[in-house]
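We number each residue from 1, following the sequence as shown.
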Amino acid sequence: QVQLVESGGGLVTAGGSLSLSCTAPKHIISAYAMGWFRQAPGKEREPVAGIGWSGESTFYADSVKGRATISKDNAKTTVYLQMHSLKPEDTAVYYCAAAIGLGTFYHGNGMDYWGKGTSVTVSS
């Protein structure tokens, strides 16, 4: 069973920054596009950012563009999401996910693997 394990969530003050990590099996992180989704209370899950298997291509949702950076370290089998200038509307459970193609992150349908999520709360 493939496990994606997120870490790094917590309580952050508006304007602050956070760094999330997602560890994955080596055969997943080296061959799959990986990224992040989030689900705010009472809202549908939405894509946040994705990175292609080679690390050369990235995707960012408009809501985080310019405030987020996604990266990966195959040696550490970890994908990172760094965000700054956080807003209360960034409050959500953040999920790590993997898919064969980066394009899947644009709509979020058909992801192959999901993590269990890590909660981020941004206080005003």
Side-chain angles (χ1 to χ4, degrees):
Q1 185 175 355
V2 173
Q3 284 189 316
L4 307 181
V5 181
E6 304 95 336
S7 62
L11 178 63
V12 185
T13 303
S17 60
L18 65 79
S19 181
L20 303 179
S21 301
C22 171
T23 58
K26 185 176 182 180
H27 71 282
I28 296 297
I29 198 168
S30 60
Y32 283 68
M34 296 195 65
W36 298 85
F37 288 76
R38 68 185 182 186
Q39 186 167 19
K43 295 188 177 181
E44 293 187 357
R45 187 157 52 189
E46 63 177 7
V48 176
I51 186 166
W53 68 271
S54 69
E56 294 182 354
S57 299
T58 57
F59 153 77
Y60 295 97
D62 288 342
S63 58
V64 302
K65 200 168 292 183
R67 301 189 296 122
T69 301
I70 188 169
S71 60
K72 61 185 295 188
D73 186 331
N74 283 2
K76 295 182 179 180
T77 68
T78 301
V79 177
Y80 305 96
L81 179 69
Q82 296 176 307
M83 292 181 61
H84 61 83
S85 303
L86 288 167
K87 308 172 184 179
E89 50 263 45
D90 292 317
T91 295
V93 177
Y94 284 70
Y95 297 90
C96 180
I100 285 293
L102 183 60
T104 307
F105 283 85
Y106 286 81
H107 51 74
N109 298 319
M111 304 304 295
D112 293 285
Y113 304 104
W114 290 95
K116 293 183 178 181
T118 185
S119 181
V120 173
T121 301
V122 182
S123 63
S124 58

* To do: Establish whether Val5 and Val48 are linked, either directly or via other cluster members, by ILVMFWY side-chain heavy-atom contacts under 4.5 Å.
  => no
* Over all atoms of both residues, closest heavy-atom pair of Ala31 and His27 -> CB-O, 3.5 Å
* Asked: Rounded to the nearest 0.5 Å, what separation is found between the OG1 atom of Thr23 and the NZ atom of Lys26?
  -> 15.0 Å
* Structure fact -> d(Ser54 OG, Asn74 CG) to nearest 0.5 Å is 9.5 Å
* Asked: Do you know which of Tyr60, Phe37, Trp36 makes ring-ring contact (aromatic ring centres under 6.0 Å, His included) with Phe105?
  -> Phe37
* Structure fact -> Rounded to the nearest 0.5 Å, the CD1 atom of Ile29 sits from the OG1 atom of Thr78 at a distance of 6.0 Å
* **Hphob cluster co-occupancy, Ile70 + Val12, side-chain heavy atoms under 4.5 angstrom** => yes
* To do: State yes or no: do Met111 and Ile28 share one hydrophobic cluster built from I, L, V, M, F, W and Y residues joined by side-chain heavy-atom distances below 4.5 Å, directly or via other members?
  => no
* Asked: Does the side chain of Pro25 come within less than 4.5 Å of Leu4's, by heavy atoms?
  -> yes
* Out of curiosity, does Phe59 fall in the hydrophobic cluster containing Trp114 (side-chain heavy atoms, cut-off under 4.5 Å, transitive links)? -> yes
* Calculate, to the nearest 0.5 Å, the distance between atoms CE and CG belonging to Met34 and Leu81 respectively. => 12.0 Å
* Asked: Taking atom CD of Glu89 as the centre, does the number of heavy atoms from other residues, nucleotides or ligands within less than 6.0 Å exceed 12?
  -> yes
* Gap between atom NZ of Lys72 and atom OG of Ser21 - 0.5 Å precision -> 14.5 Å
Could you go through residues 90-100 and list every donor-acceptor pair under 3.5 Å that involves a side-chain atom there, pairing it with any protein atom two or more places apart or in another chain?
unit_1: Asp90; atom_1: OD1; unit_2: Arg38; atom_2: NH1; d: 2.9
unit_1: Asp90; atom_1: OD1; unit_2: Arg67; atom_2: NH2; d: 2.9
unit_1: Asp90; atom_1: OD2; unit_2: Arg67; atom_2: NH1; d: 2.8
unit_1: Asp90; atom_1: OD2; unit_2: Arg67; atom_2: NH2; d: 3.4
unit_1: Asp90; atom_1: OD2; unit_2: Lys87; atom_2: N; d: 2.8
unit_1: Thr91; atom_1: OG1; unit_2: Pro88; atom_2: O; d: 2.9
unit_1: Thr91; atom_1: OG1; unit_2: Val122; atom_2: N; d: 2.8
unit_1: Thr91; atom_1: OG1; unit_2: Val122; atom_2: O; d: 3.4
unit_1: Tyr94; atom_1: OH; unit_2: Arg38; atom_2: NH1; d: 2.9
unit_1: Tyr94; atom_1: OH; unit_2: Asp90; atom_2: O; d: 2.6

* Asked: Could you state the interatomic distance from CE (Met83) to CG (Leu20), rounded to the nearest 0.5 Å?
  -> 8.0 Å
* Taking His107 for its side chain and Pro47 for its backbone only, find out whether a donor-acceptor pair lies under 3.5 Å. => no
* Between Glu6 (side chain) and Gly117 (backbone), is there a donor-acceptor pair under 3.5 Å? -> yes
